[in-house]
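Starting from 1, each residue takes its place in the sequence as its number.
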Amino acid sequence: MRVVTTAQSLDFQDPAPSPLALLLLGRESDPRSERGVECPGDLPAPSDPDLVERARAAKAKLGDRVFVLGHHYQRDEVIEFADVTGDSFKLARDAAARPDAEYIVFCGVHFMAESADILTTDAQQVVLPDLAAGCSMADMATAEQVAECWDVLTEAGVAETTVPVSYMNSSADIKAFTGKHGGTICTSSNAERALNWAFEQGEKVLFLPDQHLGRNTAVRDLGMSLDDCVLYNPHKPNGGLTAEELRGAKMILWRGHCSVHGRFSLDSVREVRERIPGVNVLVHPECKHEVVAAADYVGSTEYIIKTLEAAPAGSKWAIGTELNLVRRLANRFAADGKEIVFLDRTVCFCSTMNRIDLPHLVWALESLAEGKVVNRIEVDPEVAAFSKLALERMLALP
């Protein structure tokens, strides 16, 4: 096991190079569960010492024709070549604001590239360097499952008074379902506003696909009780719920979660408080309800960054979000005397986000420079239209 020590004396322990650990780090593949793990053409070796120069040369050759987006959870080696960084929706909007860029290379995951394709012009082409960079949360809600859920709500007599609200971390199909049924999209920073809007339109909300963001927003921000929430499990008949339970609920939460944020536990919070007296616990609202309730601060990725920027020198912080970002923030603020540690002792990379590495980025950029468009993400026009309708409702939120 390799140990990397930061200025804050926190040991970030990378997994040992077992097959499972390599998969978690975005290396190797599981063809039984992953899409698009093969690249048409030669992928540069990770050991190639010229990778950085090759990336620079290909990007320079493309010039303003290419716009590279880097999500906060990406590896440092990829972020180095991003024209802008941010969360998923910010990046999609940044892409839409650059209509002169012929190619949008999205260093993120599949649903993010879909959103960029929906919001950009037909003349622009969105590329995802590795098609296996998916999102486990987004994959927990399929179009067929959600259509079946709506049938269950209809049978229970509550569909007409239920408004779907879908998290940005969802597929284009789910966004389209939301738009078609009068709902809106939300981000982790505007979920409260989205729910307030939805309850002005109807009596209940079907929240997709992250149960934790939906529950935390309803209880923590809107003052509901846990009894107001029910959990719809798409793998059980009728979602595992009775018609009476559906009629009595205000929030119908989809049984989905983030594989990264779902790992944090109440024990993680207790342990870090014992280990670091006076530490501030700052977590993402995709964490479990008991973790959010025990934290000092809760907010989106952008909120986490801004909170640390404003934090006084000498303050101590334990962050509950993806490890690449926490490492980057710890290094960024070390000179300011801010002690920033990872909330949990175990490694918590986003495995699919980590599939976008320098070899894949070099391959994508060099292919574009040679006039070959690879791994283009194209959303069906009808799906895109209804998805855009749901996104526009979000943009119009008060």
Side-chain angles (χ1 to χ4, degrees), residues 111 114 135-186 191-192 194-219 221-258 262 286 288-289 379-380 382-394 397:
F111 79 81
E114 286 183 332
C135 172
S136 58
M137 180 201 296
D139 290 343
M140 289 177 189
T142 67
E144 294 77 14
Q145 289 173 331
V146 176
E148 182 179 341
C149 171
W150 200 252
D151 289 340
V152 171
L153 300 186
T154 301
E155 190 71 23
V158 299
E160 289 187 1
T161 58
T162 300
V163 178
V165 175
S166 291
Y167 190 21
M168 180 62 69
N169 299 29
S170 58
S171 69
D173 286 335
I174 302 308
K175 290 183 176 73
F177 166 88
T178 304
K180 188 179 295 187
H181 290 84
T184 186
I185 308 302
C186 75
E192 181 180 0
L195 286 186
N196 280 326
W197 173 87
F199 281 113
E200 291 174 357
Q201 318 304 313
E203 298 175 4
K204 305 176 188 296
V205 165
L206 171 63
F207 195 91
L208 301 152
D210 180 23
Q211 60 169 305
H212 300 306
L213 178 62
R215 183 181 295 106
N216 288 328
T217 306
V219 175
D221 299 325
L222 271 61
M224 295 185 190
S225 71
L226 291 174
D227 292 337
D228 290 323
C229 307
V230 295
L231 189 63
Y232 184 95
N233 185 341
H235 302 292
K236 291 184 177 181
N238 298 317
L241 298 169
T242 65
E244 288 73 22
E245 287 174 321
L246 288 169
R247 294 185 192 115
K250 293 182 180 178
M251 290 286 294
I252 303 168
L253 305 171
W254 192 264
R255 190 177 182 271
H257 64 276
C258 170
E286 289 178 17
K288 297 172 184 176
H289 180 67
V379 178
D380 174 82
E382 182 178 357
V383 171
F386 280 111
S387 297
K388 193 170 185 178
L389 179 61
L391 287 165
E392 287 172 344
R393 289 194 186 111
M394 181 183 74
L397 289 173

Does the E286 side chain pair with the main chain of C258, one donor and one acceptor, at a distance under 3.5 Å?
no
Verify, without hydrogens or angle tests, whether K175 (side chain) and F386 (backbone) share a donor-acceptor contact under 3.5 angstrom.
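No.
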Please report the closest heavy-atom contact between [X] and [Y], naming both atoms and the distance.
X	Y	value
V379	A172	CG1-CB, 3.9 Å
S166	T178	OG-OG1, 2.6 Å
V163	G182	CG1-O, 3.9 Å
V165	A194	CG1-CB, 4.3 Å

Pairs satisfying ring-ring contact (aromatic ring centres under 6.0 Å, His included), at least one member in residues 238-258, at least two apart:
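Listed by first then second residue: Y232-W254.
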At what distance, to the nearest 0.5 angstrom, does [atom1] of [X] lie from [atom2] of [Y]?
X	Y	atom1	atom2	result
L222	K250	CG	NZ	9.5 Å
L397	C186	CG	SG	9.0 Å
H235	Q145	NE2	CD	5.5 Å
I252	D228	CD1	CG	12.0 Å
F111	D139	CZ	CG	10.5 Å
E382	D380	CD	CG	6.5 Å

Under 3.5 Å donor-acceptor pairs involving side-chain atoms of residues 197-206, not counting sequence neighbours:
from, atom 1, to, atom 2, distance (Å)
Q201, NE2, W197, O, 3.1
K204, NZ, L246, O, 3.2
K204, NZ, R247, O, 2.6
K204, NZ, A249, O, 2.7

Sequence-distant partners of K236, side-chain contact (heavy atoms from CB on, under 4.5 Å), two or more places apart:
N233
Test of understanding: with side-chain contact (heavy atoms from CB on, under 4.5 Å), list the residues that count as partners of D173, not counting sequence neighbours.
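Result, side-chain contact (heavy atoms from CB on, under 4.5 Å) vs D173: A143, S171, V383.
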Walk me through it: do L389 and K180 pass the test side-chain contact (heavy atoms from CB on, under 4.5 Å)?
CA-CA 8 Å; L389 179 61; K180 188 179 295 187; over 6 Å; no
Does anything in residues 142-161 pair up under salt bridge (Lys or Arg N to Asp or Glu O under 4.0 Å), and if so which pairs, sequence neighbours excluded?
none
Report the residues that fulfil side chain to side chain donor-acceptor pair (under 3.5 Å) with T154, sequence neighbours left out, ordered by chain and then residue number.
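Testing T154 for side chain to side chain donor-acceptor pair (under 3.5 Å), a comparison that skips the adjacent residues, returns none.
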Kindly write out the residues that satisfy side chain to side chain donor-acceptor pair (under 3.5 Å) with S387, not counting sequence neighbours, or none if the list is empty.
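Partners of S387 under the side chain to side chain donor-acceptor pair (under 3.5 Å) test: none.
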Side-chain donor-acceptor distances from residues 210-217 under 3.5 Å, at least two apart:
from, atom 1, to, atom 2, distance (Å)
D210, OD1, H212, N, 3.2
D210, OD2, L213, N, 3.2
Q211, OE1, R215, NH1, 3.3
Q211, OE1, R215, NH2, 3.0
N216, OD1, H289, ND1, 3.1
N216, ND2, H212, O, 3.0
N216, ND2, P285, O, 2.9
N216, ND2, C287, O, 2.9
T217, OG1, L213, O, 2.7

Sub-4.5 Å side-chain heavy-atom contact between P164 and W150
yes
